Amino acid sequence: MNRIGKKLQALKDDGRKALVTYIVAGDPTPETTVPAMHALVAAGADILEIGVPFSDPMAEGPVIQLAHERALKHGTSLRDTLNMVAEFRQQDADTPVILMGYANPIEKMGYDGFATAAKSAGVDGVLTVDLPPEEASEFTDVLRAQQLENIFLIAPTTTIERQRAIASQAGGFIYYVSLKGVTGAGHLDIASVEQKLTEIRSLTELPICVGFGIKDGATAKAASAPASGAVVGSAIVSAMANAEDGKYDSIPTIISDIVSEIRASLDS
Amino acid sequence: MSSTIDFNQYPDNSGHFGPYGGRFVSETLMHALDELEANYARLKADPELQAEFDRDLAHYVGRPSPLYHAERWSRETGGAQIYLKREDLNHTGAHKINNTIGQALLAKYSGKTRIIAETGAGQHGVASATVCARLGLECHVYMGEEDVRRQALNVYRMKLLGATVHPVSSGSRTLKDAMNEAMRDWVTNVDNTFYIIGTCAGPHPYPELVRNFQSVIGREARTQCLEMTGKLPDALVACVGGGSNAIGLFHPMLGDESVAMYGVEAGGHGVETGEHAAPLTVGVPGVLHGNRTYLMEDEDGQIIETHSVSAGLDYPGVGPEHAWLKDQGRVEYVTIDDDEALVAFRKLTQIEGIMPALESSHALAYAEKLAATMSPEQIVLVNLSGRGDKDILTVAEIDGITV
């Protein structure tokens, strides 16, 4: 069991929900990312999900697309992202870190090269948005050889057959996409989330975290009620984007305000 | 090598052309693709849909499009006889309509009421808006801001046809970004929405179904060439952006071993400058827009901006079947740069009285080079994939003229 499994188990033993937070590496500048990661943990994030900038982030809504564009303005690459994780690890040996991105930058580095580099940087899991189980088996094997978890999405439209295929490769936790659409969209239908989670639980022992459409403490609490935790992305990224140009020192405070509120709500 | 391959067996059951193609999309899109695949499998054998498709191609598009012997141009070139497959004479002025009619019928028979499409040059957007107007379907077209500027006439045509044009300001503001945005729309509105992809790229089953709808070009051209000349062409030439007009021409003749095939990519300012759109010529395999194919990317795997004078070729990827045909050696992929294409544009206009699209002008420029190396009894068949009216403002701008 790597850091992800241990953390989720510990939270479960404490009767608490996991708070998974997402920011994009290099957004708004490369210098802000590692301090932001520490600020997320200090404010109560349990697992950090770090977006790897990509030129064509097809599954993202406008908020996170713009974050990818800001990061790419500074040329933040997959290699840079791994360096940021390594720097974060110098002061934080415990918080699980997941990379979330798209297949092409990883393929460019090569599966083996990437997995070795990710392991040595201190990454615990990888979520590759455009690598569904049909195309992922080789990558899953390479990750497993490095004790890295391949984390998969399950959507409201995912059939039971596909859930089974996903469960056979998935590690860490299942990321349940709580609504149709891109990241940051729409609003949540809690009843349908509950129903789908029951279905998923019949196929896998993995914990389930719910994401997409979680904006604040109240939605995080509601969405995570039937699950092991909640994933918050666009809300944090859009607040960070409001930090005035050049005044990036305020980002840790901005993060702290949002994440503390969600943490408090989850623990209430 | 190619003689042992049955090209009709591809894509395989999982949607791959050898290592290319496939379905590299977010889980949120998988159900929509499964549904599309199932609907297509059911409907491609549906006699009612097929009859409606054939009827529309004949009476609405105006097929078969003529095969035209460009005698004067052939004589001046002094080599092989050049024949033009006149897709420019189709309703809406390009080959795109073959595919949009096919997909719109799939949408209709699948009970979808809302159509989305991406467009580069605007030809696919216009073709989609046209078919939607006729079938009474709501139509939304995504188009990069840069292309909206370059192709103002087509934007207005789409609006007149009742479509909503959504300018896309993300990324490089061209075709690839329009495609990203259309995918996002589809994920969000998947219940009532059909995404008509305009080229033979994207996740399975799009490359297959676009190819099948466009293959009418090659089937007709093959028959027409046999009727007119008593033999098959010695060479086929077509421009390749995403590659739908090329695959439509090539596919029905892939098994005819005597027929050489050339796909012409956009050399832009010259392949050596890096400012071009020639992934098959200088790119490497990677994953973009739901399929594995040749891409233009940087050393970090980021997709890079392309350049071509023709918006329709300005795309950093290419249909996965082309990637595979390149590796098999069945089709040779070459480049023609902006200047060469513009020369061909003017030449065909002045010598034959046919104004070609800038995209097709790339194929014409290469065909001329190729024909010059061949003998007069040989035949080069070029896909004249679209007409050049839409490009008049671009050419005028290059000439320093305000129209």
Side-chain angles (χ1 to χ4, degrees), chain A residues 52-62 65-66 68-69 71-72 75-81 101-110 114 127-136 152-159 161-163 165-166 174-177 179-183 185-186 212, chain B residues 13-16 19 21-35 168-173 175-191 193 202-204 284-293 295-305 316-317:
Chain A
V52 181
F54 183 48
S55 51
D56 294 81
M58 231 167 60
E60 316 297 346
Q65 269 179 64
L66 286 171
H68 281 249
E69 285 188 20
L72 286 173
T76 306
S77 65
L78 174 54
R79 223 167 271 282
D80 295 332
T81 307
Y102 291 78
N104 205 53
I106 292 174
E107 297 215 343
K108 187 71 180 175
M109 195 180 272
F114 166 74
L127 197 170
T128 314
V129 180
D130 53 351
L131 217 47
E134 291 86 344
E135 306 285 358
F152 286 85
L153 300 173
I154 287 182
T157 51
T158 305
T159 59
E161 293 77 24
R162 292 192 53 77
Q163 289 177 44
I166 289 166
I174 297 288
Y175 185 142
Y176 181 67
V177 177
L179 45 80
K180 288 178 193 170
V182 292
T183 49
F212 280 38
Chain B
N13 288 335
S14 61
H16 293 84
R23 198 178 269 181
F24 295 84
V25 297
S26 168
E27 186 58 32
T28 48
L29 263 183
M30 274 297 180
H31 180 69
L33 291 166
D34 281 339
E35 184 187 87
V168 176
S169 61
S170 58
S172 60
R173 301 178 171 83
L175 178 57
K176 78 173 177 72
D177 310 287
M179 204 157 175
N180 290 334
E181 209 54 43
M183 291 275 186
R184 290 176 187 125
D185 180 314
W186 200 27
V187 176
T188 310
N189 301 298
V190 63
D191 290 338
T193 297
H204 176 67
V284 293
V287 174
L288 177 69
H289 289 154
N291 63 129
R292 188 188 301 284
T293 186
L295 298 176
M296 289 181 50
E297 60 178 34
D298 67 13
E299 67 279 6
D300 294 322
Q302 307 294 351
I303 307 307
I304 56 180
E305 293 189 16

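The structure displayed is predicted, hence computed values, not measured ones. To find a chain, count down the sequence lines: A is the first, B the second, and so on, and within it residues start at 1. What's counted below: heavy atoms across the whole structure, side chains too, no hydrogens, waters or symmetry copies.
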Go through the structure and list residues passing side chain to side chain donor-acceptor pair (under 3.5 Å) with B/Thr193, not counting sequence neighbours.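 Per chain and number, B/Thr193 pairs via side chain to side chain donor-acceptor pair (under 3.5 Å) with B/Arg114.
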Closest approach of [X] to [Y] (non-hydrogen atoms, all atoms of both residues):
| X | Y | result |
| --- | --- | --- |
| B/Gly286 | A/Asn104 | CA-OD1, 3.2 Å |
| A/Phe54 | B/Gln302 | CA-OE1, 3.2 Å |
| A/Met58 | B/Gly290 | CE-N, 4.4 Å |
| A/Thr157 | B/Thr28 | OG1-O, 4.1 Å |
| B/Gly301 | A/Lys108 | N-CG, 3.6 Å |
| B/Glu27 | A/Leu153 | CG-O, 3.4 Å |

Pair B/Arg292 + A/Glu135: basic N to acidic O under 4.0 Å: no
So that I can tick it off, tell me whether B/Lys176 and A/Asp56 are bridged by a salt bridge, with the cut-off set at under 4.0 angstrom between side-chain N and carboxylate O.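 B/Lys176 and A/Asp56: salt-bridged.
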Find out whether [X] and [Y] are in side-chain contact, i.e. whether some heavy atom of one side chain is under 4.5 Å from a heavy atom of the other.
| X | Y | value |
| --- | --- | --- |
| A/Pro57 | B/Arg184 | yes |
| A/Pro132 | B/Met30 | yes |
| A/Met109 | B/Glu299 | no |
| B/Asp300 | A/Pro105 | no |

What's the separation between atom CD in A/Glu60 and atom OG in B/Ser170, rounded to the nearest 0.5 Å?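 Result: 12.0 Å between the selected atoms.
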Could you tell me the separation between the CD1 atom of B/Ile304 and the OG atom of A/Ser55, rounded to the nearest 0.5 Å? 9.5 Å
Any side-chain to backbone donor/acceptor pair from A/Glu69 onto B/Gly171? Under 3.5 Å, distance only.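 Checking the backbone N and O of B/Gly171 against the side chain of A/Glu69, a donor-acceptor pair under 3.5 Å is found.
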Side chain, backbone, both or neither: which part of [X] has an atom under 4.5 Å from a heavy atom of chain B?
| X | value |
| --- | --- |
| A/Leu72 | side chain |
| A/Arg79 | neither |
| A/Ile166 | side chain |

Relative to chain A, which segment of B/His289 carries a heavy atom at a distance below 4.5 Å: side chain, backbone, both, or neither? both
Given heavy-atom pairs under 4.5 angstrom as the criterion, report whether the side chain, backbone, both or neither of B/Leu295 touches chain A.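 Only the side chain of B/Leu295 comes within 4.5 Å of chain A.
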Restricting to salt bridge (Lys or Arg N to Asp or Glu O under 4.0 Å), what partner residues turn up for B/Asp34, sequence neighbours left out?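 B/Asp34 satisfies salt bridge (Lys or Arg N to Asp or Glu O under 4.0 Å) with B/Arg23 once adjacent residues are dropped.
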Which one wins on heavy-atom pair count under 4.5 Å against chain B: A/Thr159, A/Leu78, A/Thr158, A/Asp80?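 Ranked by heavy-atom pairs under 4.5 Å with chain B, first place is A/Thr158.
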